[in-house]
Amino acid sequence: MIPNLSRLRKEGINFGAGSSFMASGAMGWTMGSLVAQTAGINIKSFRAQDDFDPNATVIPGAYALGNILEDNGYTNMFLLGSDANYSSRSTYFKSHGDYDIKDVYWAKNHGLISQEYWENWGFEDKKLFDYAKNILSDLKNKQPFNLTILTADTHFYDGYLCPDCEQTEDSQYSNVIRCSDKRVYSFVKWCETQEWYPNTTIILVGDHLTMDDEWSKKN
């Protein structure tokens, strides 16, 4: 399903099947995974994501990756197509690295999409990568920088299938995975053509395993 990502895997360092890298149960949801990846902290008790208070301090006192980058002069930015306040994501990233948050409401307030627009979790990955290219073109003047991008087309059951995605597989989710594979690969290859790329590290990581158990059983 992911021939292009498999190609990228061979070009870089891979922590995948057969290695000692694994996700614990407490990382099986988006916020738990984001905190674990960026702060090395395992949120031990599982809570529904919408139970978090967006006005609360998230993991106070933690010295996360964003803090390290900020202390070393980096401009931090978090780009996602959904509502960044969901699960206190904006609160966490703002308080641990002073991230500039760009989400679905940022896109609406800047006229990139209409106020009524809503696809998938907010706006789809096709737009996400287009916006990322424009943002990176601006960030090159603010080096060093860290742009964290959270995709969502493959996130939920069946995924989100863009109208321009090919439908060559026997299930929507399989087609979504193939489409996402192409989008991510195309974006990385675009990055490789940019002047800032030789001094840039690109990290590709999932937030958690697929939520579509039925699809997993069949594939």
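Since the model is a prediction, treat every value here as computed from it, not as a measurement.
- Below 30°, between 30° and 60°, or above 60°: for Trp121 and Phe156 the angle between ring planes is above 60°, a perpendicular geometry.
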Exercise for the section: Could you walk me through whether Asp164 and Arg183 pass salt bridge (charged side-chain N to carboxylate O under 4.0 Å, His left out), step by step? Expected result: CA-CA 11 Å; Asp164 62 346; Arg183 288 200 196 287; 3.0 Å; yes
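- Not counting sequence neighbours, the partners of Gln115 by the side chain to side chain contact (heavy atoms under 4.5 Å, CB included) test are Lys108, Asn109.
- Interatomic distance, CG of Leu150 versus OG of Ser33, reported as 9.5 Å (0.5 Å rounding).
- Ring orientation note: the planes of Trp196 and Phe145 are nearly perpendicular, at an angle over 60° on the 30°/60° scale.
- Proximity of Asn4 to Val184: side-chain heavy atoms (C-beta onward) are nowhere separated by under 4.5 Å.
- Residue-environment remark: OH (Tyr185) exceeds the threshold of 12 foreign heavy atoms within 6.0 Å.
- Of the inter-residue distances, the one linking Leu136 atom CG with Trp190 atom CH2 reads 5.0 Å to the nearest 0.5 angstrom.
- Remark: Asn199 CG is loosely packed, at most 12 non-hydrogen atoms of other residues, nucleotides or ligands lying under 6.0 Å away.
- The OG1 atom of Thr154 sits 12.5 Å away from atom CG of Leu161, with the distance rounded to the nearest 0.5 Å.
- Rounding to the nearest 0.5 angstrom, the gap separating the CG atom in Asp100 from the CZ atom in Phe93 is 13.0 Å.
- In this structure, Lys133 and Cys191 have side chains that are not in contact, with every pair of non-hydrogen atoms separated by 4.5 Å or more.
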Return a table of donor-acceptor pairs under 3.5 angstrom between the side chains of residues 63-70 and protein atoms on other chains or two or more places apart.
residue	atom	partner	partner atom	Å
Tyr63	OH	Asp71	OD2	2.7
Asn67	OD1	Ala64	N	2.7
Asn67	OD1	His96	ND1	3.3

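- Qualifying side chain to side chain donor-acceptor pair (under 3.5 Å) partners for Lys182, counting only residues two or more places apart in sequence or in other chains: Glu166.
- Applying the 6.0 Å contact sphere to NZ of Lys189 captures more than 12 heavy atoms from other residues, nucleotides or ligands.
- Separating the CD atom in Glu214 from the OH atom in Tyr173 is a distance of 13.0 Å, to the nearest 0.5 Å.
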